Amino acid sequence: MTSVMPVKEKKLMDVKLGELPSWILMRNFTPKGIVGAFQRGYYRFYNKYINVKKGSIAGINMVPAAYVLFSYCLSYKELKHQRRHKFH
Amino acid sequence: HHGGRATRIFHTGQPRLAPLPPLPEYGGKVHLGLIPEEFFQFLYPKTGVTGPYMLGIGLILYFLSKELYVITPETFSTISIVGLLVYVIKKYGTSIGEFIDNLNEQIIAQLEEVKKASIKQIQDEIELEKAQQAQVQKCHYLSDVQRNSIAMALEVIYQERLHKVYKEVKNHLDYHISVQNMMHRKEQEHMIIWVEKHVVQSISAQQEKEMIAKCIADLQLLEKKAQAQPVM
């Protein structure tokens, strides 16, 4: 789906900033497209960090780190009340 | 955008009939065990080597000062746990990795053994086939000998039959010749007898008497001559 073609179907890094909205709208938003996007993302991560002969700790380290960040963002609303200073 | 490594394509197009490419040796490089190298390369042209680290420190200070990250009692437990994890990983990481690699290599070595055994077996069978083919090639000598003997037997039989034919034909011709001879002889004898008979018949009675008288006269003459002889 991300073939480099002269049409606006370029990869994300090749898209200029002004073209970004039209590029996002051009993406495939059908259920099959969304599932395909998740699959592609998963396999990109998997093949780069886990499916190798000598994997490092980073492959299994990035998942908890991302989870930590994500859960902190979700629970920021309750944590706001534990702030020490009144003015920032 | 792919970090310089080949993309892996799955289940597109026809199934490949060749073995898959081997797994890459090492995964993508990461700094601090968390942040991929691509981010550092992304910032390198603008900020050099220390740029991302400065960015990280700046962000941490910003979050702390603005209290977007709140320091709670959990912070201290987080710090202790993370510190412990980092220590354990730094100390025992490589050895555990080698241990697991050994396990992996054992499995691969077993599979290699099976593959090698099967290849060797097939090669042995190929050698056997070649030897048998060579043997079959040599068989033509045997059949040559047989062919020769059969040809000789055929020759012998042919000559025998030729000889037989010759004898038969000669037999027939001899028969005709002997028949002719016999006829010839019989005709001769018959003719002699016939000639004698006629000659005897042709001597009439008159002539016979004259002949006898002449013979007697001759005999008397001879007798006289003979008597005269010894007296002298």
Side-chain angles (χ1 to χ4, degrees), chain A residues 1-5 9-17 23 32 35-88, chain B residues 1-12 20-39 41-42 59 62-75 78 81-82 85-86 88-94 96-98 100-102 104-105 108:
Chain A
M1 286 255 271
T2 56
S3 56
V4 183
M5 280 160 51
E9 286 201 11
K10 297 187 232 167
K11 299 192 201 238
L12 181 56
M13 283 296 166
D14 297 336
V15 172
K16 309 260 186 297
L17 213 56
W23 187 88
K32 188 173 166 200
V35 167
F38 275 110
Q39 271 191 350
R40 265 178 291 130
Y42 171 74
Y43 277 117
R44 260 182 71 181
F45 179 77
Y46 179 73
N47 287 328
K48 185 138 189 242
Y49 294 106
I50 302 186
N51 202 10
V52 293
K53 273 191 203 157
K54 287 185 182 302
S56 66
I57 196 69
I60 20 178
N61 214 357
M62 283 199 254
V63 181
Y67 168 71
V68 160
L69 276 178
F70 184 64
S71 74
Y72 185 83
C73 290
L74 283 185
S75 50
Y76 182 66
K77 222 166 169 174
E78 281 90 38
L79 285 174
K80 250 193 341 195
H81 306 296
Q82 303 186 12
R83 286 202 275 200
R84 297 194 140 240
H85 297 280
K86 206 159 147 205
F87 302 105
H88 304 101
Chain B
H1 191 57
H2 294 116
R5 279 190 21 201
T7 42
R8 305 185 44 142
I9 310 172
F10 284 91
H11 301 303
T12 54
L20 286 174
L23 283 179
E25 277 287 323
Y26 296 101
K29 279 172 62 63
V30 280
H31 280 250
L32 291 177
L34 274 186
I35 306 162
E37 176 71 24
E38 278 77 19
F39 184 65
Q41 293 299 324
F42 181 62
L59 275 177
Y62 170 70
F63 286 141
L64 281 175
S65 77
K66 273 284 225 194
E67 281 216 301
L68 290 174
Y69 175 70
V70 184
I71 299 191
T72 66
E74 280 195 12
T75 312
T78 311
I81 289 178
V82 166
L85 277 178
V86 165
V88 165
I89 287 172
K90 280 250 190 284
K91 191 146 184 231
Y92 298 115
T94 35
I96 292 180
E98 277 168 10
I100 297 177
D101 283 342
N102 275 348
N104 228 8
E105 266 172 34
I108 290 179

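It should be emphasised that the depicted structure is a prediction, and the values quoted were computed from it without experimental measurement. Proteins get letters first, then strands, A, B, ... in listed order; numbering begins at 1 in each.
Listed for the A:Asn61 side chain is no donor-acceptor partner under 3.5 Å among the backbone atoms of A:Ile57.
Contacts of B:Val30 with chain A are made by side-chain atoms alone, with heavy-atom separations under 4.5 Å and no backbone atom involved. Of the two parts of B:Ile100, neither the backbone nor the side chain holds a non-hydrogen atom closer than 4.5 Å to a non-hydrogen atom of chain A. Contacts of B:Leu34 with chain A are made by both backbone and side-chain atoms, with heavy-atom separations under 4.5 Å. For chain B, the nearby part of A:Tyr72 is the side chain; its heavy atoms alone come within less than 4.5 Å.
The minimum heavy-atom distance between A:His85 and B:Glu67, with the atom names listed, is N-OE1, 3.4 Å.
Listed by chain and residue number, B:Ile35, B:Leu43, B:Pro52, B:Leu55 satisfy the side-chain contact (heavy atoms from CB on, under 4.5 Å) test with B:Phe39 (two or more places apart in sequence, or in another chain).
Here CG of B:Leu68 is found 5.5 Å from OH of B:Tyr62. Values are rounded to the nearest 0.5 Å.
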